[in-house]
Amino acid sequence: FVMDKFVRPGIDDRPDYDKTLTPEQKEAVTRLAASMPERRAGDASQTDAQVQATNLAAASDAAGSGLGAIAAVDTAVPDPSSAFMDMRDPMVSADGHRPTKMEVIRLGIGFTISAVACAIPWVALSSIILPRVFESIDPASKESMLGLVNIFGSVVALLANIVFGTFSDLTRSRFGKRTPWMVAGGLVTGLSIGAVSLTHSEPLIIILWCCAQLGYNMMLAPYVATMSDRVPDKFRGTVSGFYGAGIAVGQTLGSFVGAQLLKQGEAGIFGGWMMGMAIFSLTGIVVVLIWPREKSNRDETRGELNVRSMLMSFRPPKNAPDFYYALAGRTMMMGGYWMINTYQLYIAQDYVFAGDPGANVKAAELIATPMAVITLVVSLIAAVAAGPITDKIGMRKVPVALASCLFAVGALMPMLFRSATGMLLFAGIAGLGYGIYNAIDQALNVSVLPNPEEAGKDLGILNLANTLSTVIGSGMTSILVVIVKAVMGVSKTPVVAYTVVFGVAIVIVLIAAFLIMRIKNVK
């Protein structure tokens, strides 16, 4: 044979990978080349050589800034099962499936529709209808009653989110692990809300509202975990963006719908409860039908179910500082949001139109039309644009922090301009910030998950922020108003009470931005 024409199999006939592979494929190869420890960070002992080596390196890197001791404690060993260090193809979801383009579209449509459908009745009832019901029962204590029902409901929601997130992780059925809980949760929520329409007893309203919170979080915890289970990394920001857009649109329409129902008197209030019952009862079923069917997971392995394993399943993740910064940041941001939005009817009546004989009617009109339209437009634009943009630039943390600061600027407007104009500026600026925040924050939360196999539980803990923020928002505003009333010795809410509320909300939201910027492993 001729030497210069001999082809060595596997050597001379190899393709030129620099020309053959796409940039995305090259990036995937680079990621797969990373050397990873064999044990998970949460399982590693402090006597483990890998842990000590990582802590020593972190301490050395931080020594010049005086943060060595902190870094040595907080820095986790890279976890091969973590969402951040995930070695999967970004086009493959966490359950190992490579969804088609149509399947991703169906998932996005399902998330968007459910976000809109749930937000409309929830905001209409909690922010507009329920406050008017309490005002009709006892005008002098309406703020404290609203705060009380939200605090009790939030405690139930807090526990339910973790419990049902964990239960969905452990569920094995022919319908998968998320679907049964979503359907059942929607039915429980709908029936509980429908029952509220039958009573004017404050204790019974609190009990039924707690039942509604239980059902809502029974549906919400596995629903949000589906984002981690079934949406590939490549599309997660975009899907999260549409989900955020759905929330923003739904909440805005909720304020509009609630205010319109309020104009119809008792018939409108009853219609609001009936609307909530119908929508929540059907949402879980409709979303499951829109999404690609969840596969049976009867053959999926599961640890032994006993008291100890159940208690351990509620254990928060270890060595995950980013996870806790995200949790605290969302809690504070949404706390500031609910401080204002839960009480927007009272703010319009007792702050913007204070002393006006037609305050009740003008407040409903302000919320129903100009504020709702402005918030809807800016939130929709921000939410739809923010997700794809952050996917393109590969950033999550900075946009979320900036969105929090933008909301703070919006909350400043009613303090500077105590008028309808100030509230419209709040709707535009704060609505823009909130739309951006909602579009990106869920993708940020998924990025800081320590272990995708426990996504339901960990996202349940992260979604405690929604619950805790309601407690902070409702409780803080209620407490501030009661304190101001007591100091001034009046029974009617003074204007200065809501000036204080806006100031405290701004501080809380800025703290949220600071906490988000403390996250290290996400851009």
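Just the heavy atoms: all of them, side chains too, but no hydrogens, waters or symmetry mates, feed the values below.
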message: Checking Val496 against Met488 for the side-chain contact (heavy atoms from CB on, under 4.5 Å) test, could you report, in this order, the C-alpha distance in whole Å, the side-chain angles of both residues, the deciding distance, and whether it holds?
response: CA-CA 10 Å; Val496 70; Met488 299 183 66; 3.5 Å; yes

Stepwise side-chain contact (heavy atoms from CB on, under 4.5 Å) test for Leu214 and Phe164: CA-CA 9 Å; Leu214 179 76; Phe164 293 112; 3.7 Å; yes

- prompt: Are Ser255 and Gln344 close enough, and set up right, to give a side-chain contact (heavy atoms from CB on, under 4.5 Å), and what steps lead you there?
  reply: CA-CA 9 Å; Ser255 296; Gln344 62 178 327; 3.0 Å; yes

query: Hey, mind stepping through Lys397 and Leu402 against side-chain contact (heavy atoms from CB on, under 4.5 Å) and telling me if it holds?
result: CA-CA 9 Å; Lys397 176 179 69 175; Leu402 290 176; over 6 Å; no

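Here the CG atom belonging to Leu146 is positioned 6.5 Å from the CZ atom belonging to Phe134, to the nearest 0.5 angstrom. Rounded to the nearest 0.5 angstrom, Met182 CE and Tyr223 OH are separated by 7.0 Å. Taking OG1 from Thr499 and CG from Leu416, the interatomic distance works out to 10.5 Å, rounded to the nearest 0.5 Å. Going from atom CD1 of Ile429 over to atom OG1 of Thr375 covers 11.5 Å, rounded to the nearest 0.5 Å. Rounding to the nearest 0.5 Å gives a distance of 6.0 Å between CG of Leu366 and CG of Leu424. Between the CD1 atom of Ile340 and the CZ atom of Phe502 there is a distance of 5.0 Å, given to the nearest 0.5 Å.
Contact of the Val400 side chain with the Met333 side chain is not registered, since no non-hydrogen atoms from C-beta on lie closer than 4.5 Å. Residues Thr477 and Glu143 have side chains not in contact (no heavy-atom distance under 4.5 Å, counting atoms from C-beta outward). Side-chain atoms of Val500 and Ile483, non-hydrogen and from C-beta on, never get closer than 4.5 Å to each other. When side chains are defined from C-beta on, Tyr498 counts as touching Val481, because their heavy atoms get closer than 4.5 Å. With a 4.5 Å cut-off on side-chain heavy atoms, Ser478 and Tyr343 count as touching. In this structure the side chain of Glu202 reaches within 4.5 angstrom of the side chain of Leu148, judged on heavy atoms. Within the 4.5 Å cutoff, side-chain heavy atoms of Val149 are placed close to those of Ile206. Considering only heavy atoms from C-beta on, Gln213 stays 4.5 Å or farther from Thr189 through its side chain.
A donor-acceptor contact shorter than 3.5 Å links the side chain of Arg106 to the backbone of Ile290. Using a distance-only test at 3.5 Å, with no hydrogens or angles considered, no donor-acceptor pair links the side chain of Trp181 to the main chain of Met218. For the pair Ser114 (side chain) and Phe111 (backbone), a donor-acceptor distance under 3.5 Å is present. In this structure, Lys177 contributes its side chain and Asn297 its backbone to no donor-acceptor pair below 3.5 Å. No donor-acceptor pair closer than 3.5 Å links the side chain of Ser197 to the backbone N or O of Phe270. Using modelled atom types, one side-chain atom of Tyr351 and one backbone atom of Pro414 make a donor-acceptor pair closer than 3.5 Å. In this structure, the side chain of Glu294 engages the main chain of Thr179 through a donor-acceptor pair within 3.5 Å.
Residues Ser144 and Val482 approach most closely at CB-CG2, 4.4 Å, considering heavy atoms. Contact between Met275 and Pro121 at its shortest, heavy atoms only, is CE-CA, 3.8 Å. Shown here for Leu191 and Met277, the closest heavy-atom pair between the two residues is N-CG, 4.4 Å. For the pair Met334 and Tyr434, the tightest heavy-atom approach, listed with the atom from each and the gap, is CE-OH, 3.5 Å. The shortest heavy-atom contact between Val495 and Ala354 is CG2-CB, 3.5 Å. Nearest approach of Gly473 to Met339, heavy atoms of both residues: CA-CG, 3.5 Å.
Under the 3.5 Å distance criterion, with hydrogens and angles disregarded, a donor-acceptor pair is assigned to the side chains of Asn341 and Tyr337. Counting only N and O atoms by type, the side chains of Thr493 and Tyr346 include no donor and acceptor under 3.5 Å apart.
Other residues, nucleotides and ligands contribute only 12 or fewer heavy atoms inside 6.0 Å of the CZ atom of Phe152. By the neighbour-count criterion of 12 heavy atoms within 6.0 Å, atom NZ of Lys295 is sparsely surrounded, having that number or fewer from other residues, nucleotides or ligands.
A salt bridge does not link Lys362 to Glu365: none of the charged side-chain nitrogens sits closer than 4.0 Å to a carboxylate oxygen.
None of Lys142, Arg418, Lys485 except one satisfies the salt bridge (Lys or Arg N to Asp or Glu O under 4.0 Å) rule with Asp350; the exception is Lys142.
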